[in-house]
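Given the structure is predicted, the values throughout are model-derived calculations rather than measurements. The analysis underlying the following values was restricted to heavy atoms, covering all of them including side chains, and did not include hydrogens, waters or symmetry mates.
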Amino acid sequence: MTTDAATDSTTAPTAFEDASSEVGVELRYALASRPTPLPASSASGAYRLADLTIVLTRRSTDPIECGGITVTVPVGSGATALAAATIGMTAATDTPGWTGAVATSGQVTFTPPGGAAQIARQKGLSLLVRTLPVNRTVGRALLTVAVRWRLPGESTEDSWSTETVTLAISKFPATFSLGDLRASAGRIAHGDSVTLTWQAAGGDFQLLYDKADISVTGSESYTAHNITRDTLFQLRGTSSSSSGQLEAVRSTLVTVTNPDIVTHSLTVTKAVVTDRLATARYTVPSFSAPTLEHRPDLSMRIFNPLMRLWGAPTRLPFPPAASAPGLAVHGGKLHLLFRPYDKEQLTWATYDGRTWRTLSGFTDPVAPAPVSLIAAGTSLICAYRTPDGRQLTRTSTNGTTWGTASEMPPPGYGATSLCWDGTTLYAAVRTHSALPVLEVKSRTGQEPWQDFYSYGVLRPEIPIGSPELFFRNRTLMCLIRTLAGSVVSIRKDAEGVLTAHDEGMRSSHDVRLVTTGRGLFVLFPDSEGVLHSRSSDGTEPTPETPTAWTPAVPVDDYRTTETPALAWYRDRIIAIGRTSATRP
């Protein structure tokens, strides 16, 4: 089974903001019109036709039995009447079996099949009154809705009751108009600006948000600055009539990445759960370890090598991630594996350049530990940890199902890095010992894992973090961060001699790498959590000449405490990780 979720987001206006609503004892009622705002008919010529929708929803979880509904539409030419006449009006519901009838008096009757039908909370009922000729007088009309009801199981005639409510609807001058309110972006970074646009005429207009109340009569745009939390913007238009002031509203919601939370009092009784951890540049309240839980979302950045530009992090449509993800390209798609917080099975998803699709395939329990994923020829290979501490690999030959699990040497710390040279699978791990040692294992086919090499030196060059294996000019190499924060590359030559080079990088977390032809591209965060990138043209280093890297370039202003996984996909570099999305 698959489910789709598009990552594209647009700012859509809220439909029927002008709907009149009323709460009864048994039901909720909402009235909307089309067009909206509803204009009165011109002084001469044909009447304007309108459609009304009245939505009834059950307030309680238990259903009620409905014996019929009447809607009284005021008919006449005055300001408090709505329909000029009832000729041409029709009535129906969205539920099969109901019938609708319109009387010349304006009373519209809706009859359920068999004389009675249930209205449940999850179902509701929509009453439709179509092609209503709106009269020519601006004003405010009241519709009356009467519902005959009783509880299910009651059968006597005196068990019926009637609930009656009134719903208001305004008829605006023909010169009045209020179009959709749109925002330049539906989601913005903390402290950014957003531009609101609309089309409006024939009345007085106010833009309202937070505590702001701004007159925008005669304008069609406004830029709001320094938005730090999710904000509802409302455009309110008013016009006068003999029956009182008429009001129409358009609204749109702008959400903020990592918003401010303002509250007078906060009491924590169990735990504080956050999807962002502060870096050294920021301060947060001090919590003991059991009370602070990190539940980050996965986000994706895309790098265009030709333009040398990164896109801003986009949150992916998945639950918070309990593990660093694995990322690989296979069968023309980007594959993603990670362990979510809400279940013990891995989530497996693919990306075709526009849409994410989740796949089924993992049923075994998995520990909340980093996941590794590589493409090996026509197969995918993943490595993951079980709740009892074992490290397993699985292979997918078709990109839709996984084979049986196979044991591998477990890492003592961090993640396992996988690499494949066409015939042999390599795995780099940091093992348990008095001083952590980097070990590289190899395996051909289904043969047992063999020691390829191990590397461990004294402080401050003790390897820490998770390694990153890769091939360069047919030579297996490994990048790993040391206790001092420097990044070293380790290689084994044909004579079996291990050499290590200081790559001239200082990183606060693991270095992640992707190959682009002969070239290399790395990503790593500095001490303040700012991601930096460097690249190399692929020139082979020598003992005397280390790798020639370009100068480090900040990726963007978004902070992170964990380096994202990298993949080269469709002439773009994709970075996905549990990264921050907060501007300083």
Side-chain angles (χ1 to χ4, degrees), residues 277 279-280 324 369-370 372 409-419 426-441 451-472 475-493 496-515 520-536 540-555 559-566 575 577-579:
L277 292 180
T279 62
S372 301
Y413 309 94
T416 297
S417 181
L418 300 176
C419 198
Y426 297 88
V429 298
R430 279 199 311 126
T431 58
H432 282 288
S433 63
L435 292 176
V437 174
L438 171 69
E439 292 191 354
V440 177
K441 311 284 186 178
D451 293 333
F452 188 70
Y453 71 74
S454 63
Y455 173 82
V457 295
L458 298 178
R459 297 176 184 270
E461 296 302 316
I462 293 175
I464 62 174
S466 301
E468 185 81 331
L469 273 180
F470 64 98
F471 274 100
R472 184 168 196 177
T475 300
L476 183 69
M477 301 183 67
C478 184
L479 290 178
I480 193 164
R481 183 169 53 103
T482 68
L483 184 64
S486 59
V487 177
V488 297
S489 63
I490 305 162
R491 57 177 292 182
K492 181 180 181 181
D493 62 22
V497 178
L498 285 177
T499 57
H501 288 284
D502 189 326
E503 295 297 320
M505 307 179 201
R506 295 190 66 83
S507 176
S508 63
H509 196 257
D510 305 323
V511 176
R512 289 291 170 253
L513 176 144
V514 65
T515 57
L520 305 175
F521 187 94
V522 296
L523 210 60
F524 60 95
D526 65 12
S527 60
E528 293 186 347
V530 176
L531 279 174
H532 287 73
S533 65
R534 301 183 75 174
S535 59
S536 173
E540 182 76 13
T542 66
E544 297 77 22
T545 307
T547 303
W549 294 100
T550 60
V553 177
V555 169
R559 306 304 172 98
T560 185
T561 56
E562 186 176 87
T563 314
L566 293 177
R578 304 188 299 172
T579 58

Discussion item. Evaluate Ile480 against Val488 for side chain to side chain contact (heavy atoms under 4.5 Å, CB included), listing each step before the verdict.
Written reply: CA-CA 6 Å; Ile480 193 164; Val488 297; 3.8 Å; yes
Worksheet item: Between Phe524 and Val487, does a side chain to side chain contact (heavy atoms under 4.5 Å, CB included) hold up when you go through it step by step?
Response: CA-CA 10 Å; Phe524 60 95; Val487 177; 6.0 Å; no
Fill in: Test item: Arg491 side-chain N/O and Thr499 main-chain N/O as donor-acceptor pair under 3.5 Å
no
Practice prompt. For side chain to side chain contact (heavy atoms under 4.5 Å, CB included), just list the numbers for His509 and Thr563, CA-CA rounded to whole Å, side-chain angles, deciding distance to a tenth of an Å, and then say yes or no.
Written response: CA-CA 6 Å; His509 196 257; Thr563 314; 3.3 Å; yes
Fill in: Considering all heavy atoms, the nearest Cys478-Phe470 contact
N-CE2, 4.3 Å
Worksheet item: Checking side chain to side chain contact (heavy atoms under 4.5 Å, CB included) against Lys492, which of Val440, Leu476, Val497, Leu498 comes through?
Response: Leu498
Practice prompt. Kindly give the heavy-atom pair with the smallest separation between Ala324 and Glu562, and that separation in Å.
Written response: CB-OE1, 3.8 Å
Worksheet item: Taking the side chain from Ser508 and the backbone from Asp526, do they hold a donor-acceptor pair closer than 3.5 Å?
Response: yes
Discussion item. Please give me the minimum heavy-atom distance between Arg534 and Gly504, naming the atom from each residue.
Written reply: NH1-O, 3.0 Å
Worksheet item: Do the side chain of Asp451 and the main chain of Tyr453 share a donor and acceptor less than 3.5 angstrom apart?
Response: no
Practice prompt. Could you pull out the closest heavy-atom pair between Pro467 and Ser417, with the gap in Å?
Written response: O-CB, 3.4 Å
Item to complete: Would you please test Glu503 and Val522 for side chain to side chain contact (heavy atoms under 4.5 Å, CB included) and show each step?
Response: CA-CA 11 Å; Glu503 295 297 320; Val522 296; over 6 Å; no
Practice prompt. Give a yes or no on whether the backbone of Ala548 and the side-chain of Ser536 come within a donor-acceptor separation of less than 3.5 Å.
Written response: yes
Worksheet, complete the sentence: Ala415 and Pro370 have their tightest heavy-atom pair at CB-CB, 3.4 Å
